2 protein chains.
Amino acid sequence: MTANLAIDLDRSSPVPLYFQVAEQIAEAIRRGDLAPGARLDNEILLADKLGLSRPTIRQAIQYLVDKGLLVRKRGVGTQVVHGQVKRSVELTSLYDDLRRAGQEPATQVIALEPRPVEDDIAAILGVEAGAEVLYLERLRFAAGEPLAVLHNWLPLGLAQLAASDLEARGLYELLRAAGVRLRVANQRIGARAATQAEAKLLDERRGAPLLTMIRTTYDDQGRAVEHGSHVYRASHYSLEVTLIER
Amino acid sequence: MTANLAIDLDRSSPVPLYFQVAEQIAEAIRRGDLAPGARLDNEILLADKLGLSRPTIRQAIQYLVDKGLLVRKRGVGTQVVHGQVKRSVELTSLYDDLRRAGQEPATQVIALEPRPVEDDIAAILGVEAGAEVLYLERLRFAAGEPLAVLHNWLPLGLAQLAASDLEARGLYELLRAAGVRLRVANQRIGARAATQAEAKLLDERRGAPLLTMIRTTYDDQGRAVEHGSHVYRASHYSLEVTLIER
DNA sequence: ATGAGCAGTTTGTCTGGACATTCTGACCTC
DNA sequence: GAGGTCAGAATGTCCAGACAAACTGCTCAT
């Protein structure tokens, strides 16, 4: 029942112990050593086996519960969730997602310039009305085909963004490299018909269904660092999300 | 800087202390007593003030960080996220969402019957191929207008679902009332054009953009308890999601 | 047979403490 | 004035233990 999984710890590593445990359990699930429905050893036994305290084990398990890989039930135990677990929801940009899927993303920068901010965007980003913000418009390709039109507004001074950088890497990756730490994002997802201009850019017919996403991202100080309004070709893209009830 | 918020605890209540703290901080944020960007007292001071231990305070704060209301930064402190925080992502059904928004939802049950399962659905639900599952098809209205067509498949025996129940309440609410504890859901969100049949049901034109959602929900034992394939009128509905980076 | 109650198991909550790591800002040196 | 250094402050990690609550399955009485 309780698979005997081997977990080795490196106490000299800077990687937290709870994280080492969590990673190795997750790996065992991915490999199939821990089948869906399998029960883990109870926390106390597990702590004993690994020479760790129970809080540390709990932290590791909680981490995986939050990611949707495990479920816990008082008086019963901890089990692996049935059904292949999809990639958990992370704060990634489309570019990262595509590259991970082996899709060879490419980007064409249409606009990259400071621009006086409109009032609604100013309110969202928390900058003064009339101030300048960086306006960015891109066309994203995957496997040689146009996939999405991306509009972004960013406060000035966050990072030095060059068009050449944006054509080689994703926006989030560049922000992270510039020391911005993304923490929270609110997204609104909808759909609408393509306008003629959008249809032309995306190689679709006017009226074709597009997936729309409006997103605002905040950093670890709670400041808005990016606002985006994007449209995707529904025929070529869909979004995946995992929800976890606490 | 650090707002002096009054938190009172009831140690005789069955509600966990960390949750009482979290709720009252969240309430202070909603009320505006804690403005966006405001810093909380540090954990040790807070623990001291409330007569709680630091781990308990940490648990309360972590809960709000996970919900996207707060951000923490080592060496600096804990701050309220800028920008009005939307309702966090919870495992709710469309029905709950609509009622919370004061939209007066209504439901018309089109089909509710056991039916031999198709192979792909069987694999998703983890039931044997050829077994029977409950098939459910509903048309959902809001404010008198058709809003979505909902298709669901459920393992038999989970709950006794009557059409009259389904017309008065949401599916998730009924499942919860029957003792099913929903924990994790995987969703895929996309868009496509309406077929003629869908257009007729939803009072749209053929080809109108629809938001699609395919969702599988698991309970606290990791078993699939519901699979749904839904389409929404994009002109009347959009989804909101909050992502948090750990 | 059937139902109620009880005991064991397991996770949930909470305490109190220790040390590590990271960030900020002030100070000092060159 | 520029740059590096260091101390203080805050969160991050980890430990050891205690009691509470919920679930399961067994036992016992009816």
Side-chain angles (χ1 to χ4, degrees), chain A residues 1-2 7 9-23 25 38-66 70-80 179-181 183 219-223 245-246, chain B residues 1-2 7 9-23 25 38-66 70-80 179-181 183 219-223 245-246:
Chain A
M1 185 67 38
T2 59
I7 292 180
L9 301 171
D10 178 2
R11 282 183 176 269
S12 67
S13 157
V15 177
L17 293 172
Y18 84 89
F19 195 77
Q20 294 184 34
V21 174
E23 284 287 284
I25 293 176
R39 275 221 309 280
L40 256 64
D41 285 337
N42 74 60
E43 299 173 350
I44 297 173
L45 183 60
L46 215 46
D48 218 42
K49 275 188 184 172
L50 299 178
L52 296 172
S53 70
R54 189 176 158 217
T56 303
I57 295 295
R58 275 186 70 78
Q59 195 175 1
I61 293 176
Q62 186 62 48
Y63 177 79
L64 296 177
V65 170
D66 287 345
L70 299 176
V71 270
R72 290 204 274 201
K73 204 171 161 189
R74 193 189 289 201
V76 178
T78 306
Q79 288 178 288
V80 178
V180 177
R181 277 168 302 188
R183 276 304 134 84
D219 72 357
D220 59 359
Q221 289 171 67
R223 297 176 311 193
E245 176 92 345
R246 287 189 62 98
Chain B
M1 185 65 41
T2 59
I7 292 180
L9 301 172
D10 177 3
R11 281 183 177 270
S12 68
S13 158
V15 177
L17 293 171
Y18 84 88
F19 195 77
Q20 294 184 34
V21 174
E23 284 288 284
I25 293 176
R39 276 223 309 279
L40 256 65
D41 284 338
N42 74 60
E43 298 173 350
I44 297 173
L45 184 59
L46 256 178
D48 218 42
K49 275 187 185 173
L50 299 178
L52 296 172
S53 69
R54 190 178 157 217
T56 302
I57 295 295
R58 273 186 72 76
Q59 196 175 0
I61 292 176
Q62 186 60 49
Y63 177 79
L64 296 176
V65 169
D66 287 344
L70 298 176
V71 247
R72 291 204 274 201
K73 204 170 160 190
R74 192 188 287 201
V76 177
T78 305
Q79 287 177 289
V80 179
V180 177
R181 276 168 303 187
R183 276 304 134 84
D219 72 357
D220 59 0
Q221 288 171 67
R223 298 177 311 195
E245 177 91 345
R246 286 190 63 98

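Note that the coordinates shown come from a computational prediction; the quantities given were computed from them, not determined experimentally. In the text below, chain A, chain B and the rest are named by the order of the sequence lines, each starting its count at 1.
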Assuming nearest nucleotide by heavy-atom distance, tell me which of B/I61 and A/V15 is located more 5' along DNA chain D.
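First, find each residue's nearest nucleotide; the 5'-ward one identifies B/I61.
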With sequence neighbours left out, write down each residue that passes side chain to side chain contact (heavy atoms under 4.5 Å, CB included) with A/V76, or none if nothing qualifies.
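For A/V76, the residues satisfying side chain to side chain contact (heavy atoms under 4.5 Å, CB included) (neighbours in sequence not counted) are A/K73.
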Mind checking what makes side chain to side chain contact (heavy atoms under 4.5 Å, CB included) contact with A/Q20, not counting sequence neighbours?
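Partners of A/Q20 under the side chain to side chain contact (heavy atoms under 4.5 Å, CB included) test: A/L9, A/D10, A/S13, A/V15, A/L17, A/Q24.
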Report the distance from atom [atom1] of [X] to atom [atom2] of [Y], rounding to the nearest 0.5 Å.
X     : Y      : atom1 : atom2 : value
B/Q79 : A/D219 : CD    : CG    : 9.0 Å
A/I25 : A/L40  : CD1   : CG    : 5.0 Å
A/D41 : A/I57  : CG    : CD1   : 10.0 Å

Rounded off to whole Å, could you give me the [atom1]-to-[atom2] distance for the [X] and [N] pair?
X      : N      : atom1 : atom2 : answer
B/L70  : D/dG12 : CG    : C1'   : 17 Å
B/L50  : C/dT13 : CG    : P     : 18 Å
A/R39  : D/dC23 : CZ    : C1'   : 12 Å
B/D220 : D/dA22 : CG    : P     : 14 Å
A/I44  : D/dC15 : CD1   : P     : 15 Å
A/N42  : C/dG8  : CG    : P     : 16 Å
B/Q62  : C/dT13 : CD    : C1'   : 16 Å
B/Q79  : D/dA10 : CD    : P     : 12 Å

If you define the side chain from C-beta out and look only at heavy atoms, does anything of [X] sit under 4.5 Å from [Y]?
X     : Y     : result
B/L70 : B/V80 : yes
A/V21 : A/L46 : no
B/Q62 : B/R72 : yes

Polar atom pairs between nucleotides 16-20 of chain C and protein, under 3.5 Å, N or O only, would you list them?
residue: C/dA18; atom: N6; partner: B/R54; partner atom: NH1; Å: 3.4

Distance test, side-chain N/O of [X] to OP1/OP2 of [N], below 4.0 Å:
X     : N      : value
A/K73 : C/dG12 : no
B/R11 : C/dT15 : yes
B/R58 : D/dG12 : yes
A/T56 : D/dC15 : yes
A/R72 : C/dG12 : yes

Give the B/S/- string for nucleotides 2-8 of chain D, one per nucleotide from 5' to 3', where a protein heavy atom under 4.0 Å of the base yields B, of only the sugar-phosphate yields S, and otherwise -.
-------
Quick one: which of C/dC23, C/dG12, D/dC23 gets closest to the side chain of B/V76?
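Nearest to the side chain of B/V76 among the choices is C/dC23.
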Partner set under side-chain hydrogen bond (donor to acceptor under 3.5 Å, both in side chains) for A/R54, not counting sequence neighbours
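A/E43.
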State which residues pass side-chain hydrogen bond (donor to acceptor under 3.5 Å, both in side chains) with A/R181; sequence neighbours excluded, sorted by chain then number.
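Per chain and number, A/R181 pairs via side-chain hydrogen bond (donor to acceptor under 3.5 Å, both in side chains) with A/D220.
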